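Fair warning: this is a prediction, and the values are worked out from it, not measured in the lab. All residue numbers refer to positions in the sequence shown, counting from 1.
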Amino acid sequence: QVTLVETGGGLVQAGGSLRLACTASARTFSSAPMGWFRQPPGKDREFVAGISWIYGTTDYADSVKGRFTISRDTVLNTIYLQMNNLKPEDTARYYCAADLDLALSGHAPLDSWGQGTLVSVSS
């Protein structure tokens, strides 16, 4: 059973920056792409960014492209999300996905998500 710990959230003014981190353990597919999702209050969970574990190639939601950067440390089994120029619409609880493709399919078990970390951006 994968365990995920997301850290780095907080309260920040618009235009500010935060860096999130997620450490995964006991991944079922240890080389699977990982990624970040977020869930705004009252909304569905949505894709934010993903990274290939093998190649390090990245993908981003249009809403964060150019502002957020995802990276990985394959030794530490950790991914990061550097968030710059934050906007109020970025306010959400951010979750880490240990298997990006499974998460995108909508079939990731609920217990495969961590508690998330809350990002609040004030205007």
Side-chain angles (χ1 to χ4, degrees):
Q1 173 83 352
V2 64
T3 57
L4 302 170
V5 179
E6 299 105 331
T7 62
L11 178 64
V12 65
Q13 292 183 337
S17 298
L18 288 171
R19 185 172 69 179
L20 309 183
C22 169
T23 297
S25 63
R27 290 213 292 162
T28 302
F29 302 103
S30 60
S31 296
M34 293 183 66
W36 291 94
F37 290 71
R38 68 187 183 186
Q39 188 166 19
K43 304 295 183 181
D44 292 333
R45 196 167 299 184
E46 64 184 25
F47 168 76
V48 175
I51 186 165
S52 165
W53 206 250
I54 298 174
Y55 300 108
T57 53
T58 59
D59 193 23
Y60 300 92
D62 288 342
S63 59
V64 307
K65 197 170 297 181
R67 299 187 297 119
F68 291 9
T69 302
I70 186 172
S71 60
R72 80 206 195 288
D73 187 320
T74 58
V75 175
L76 297 179
N77 289 304
T78 299
I79 62 169
Y80 306 90
L81 187 68
Q82 179 67 47
M83 305 185 294
N84 297 327
N85 192 24
L86 283 161
K87 303 176 179 180
E89 51 263 46
D90 296 318
T91 295
R93 187 169 293 275
Y94 285 70
Y95 298 91
C96 178
D99 187 327
L100 176 62
D101 292 333
L102 183 62
L104 289 170
S105 77
H107 299 302
L110 291 179
D111 62 3
S112 71
W113 302 95
Q115 289 297 115
T117 185
L118 182 63
V119 172
S120 297
V121 184
S122 61
S123 60

Between Val12 and Ser17, the two heavy atoms sitting closest are CG2-N, 4.0 Å
Between the side chain of Thr117 and the main-chain N/O of Tyr94, is any donor-acceptor distance below 3.5 Å? no
Under 4.5 Å between side-chain heavy atoms, counting indirect links through other Ile/Leu/Val/Met/Phe/Trp/Tyr residues: same cluster for Val121 and Trp36 or not? yes
List the atom of Gln115, the atom of Glu6, and the distance in Å for their closest heavy-atom pair. N-OE1, 3.5 Å
Can you list the residues that meet the ring-ring contact (aromatic ring centres under 6.0 Å, His included) rule with Trp53, with sequence neighbours excluded? none
Is it the case that atom NZ in Lys65 sees more than 12 heavy atoms from other parts of the structure closer than 6.0 Å? yes
Residue Asp111 excluded, over 12 heavy atoms near CG under 6.0 Å: yes
With the 4.5 Å side-chain cut-off for hydrophobic clustering, are Tyr95 and Ile79 part of the same group? no
Can you check side-chain contact (heavy atoms from CB on, under 4.5 Å) on Leu81 and Arg38, steps first, answer last? CA-CA 12 Å; Leu81 187 68; Arg38 68 187 183 186; over 6 Å; no
For Ser52 against Tyr55, the heavy-atom pair lying closest together: OG-N, 3.2 Å
Verdict with supporting geometry, Met83 and Arg67, side-chain contact (heavy atoms from CB on, under 4.5 Å): CA-CA 6 Å; Met83 305 185 294; Arg67 299 187 297 119; over 6 Å; no
ring-ring contact (aromatic ring centres under 6.0 Å, His included) for Trp113 and Phe37? Distances and angles first, verdict last. CA-CA 10 Å; Trp113 302 95; Phe37 290 71; 5.3 Å; yes
With sequence neighbours left out, write down each residue that passes ring-ring contact (aromatic ring centres under 6.0 Å, His included) with Tyr60, or none if nothing qualifies. none
Side-chain (Arg27) to main-chain (Ala32) donor-acceptor, under 3.5 angstrom: yes
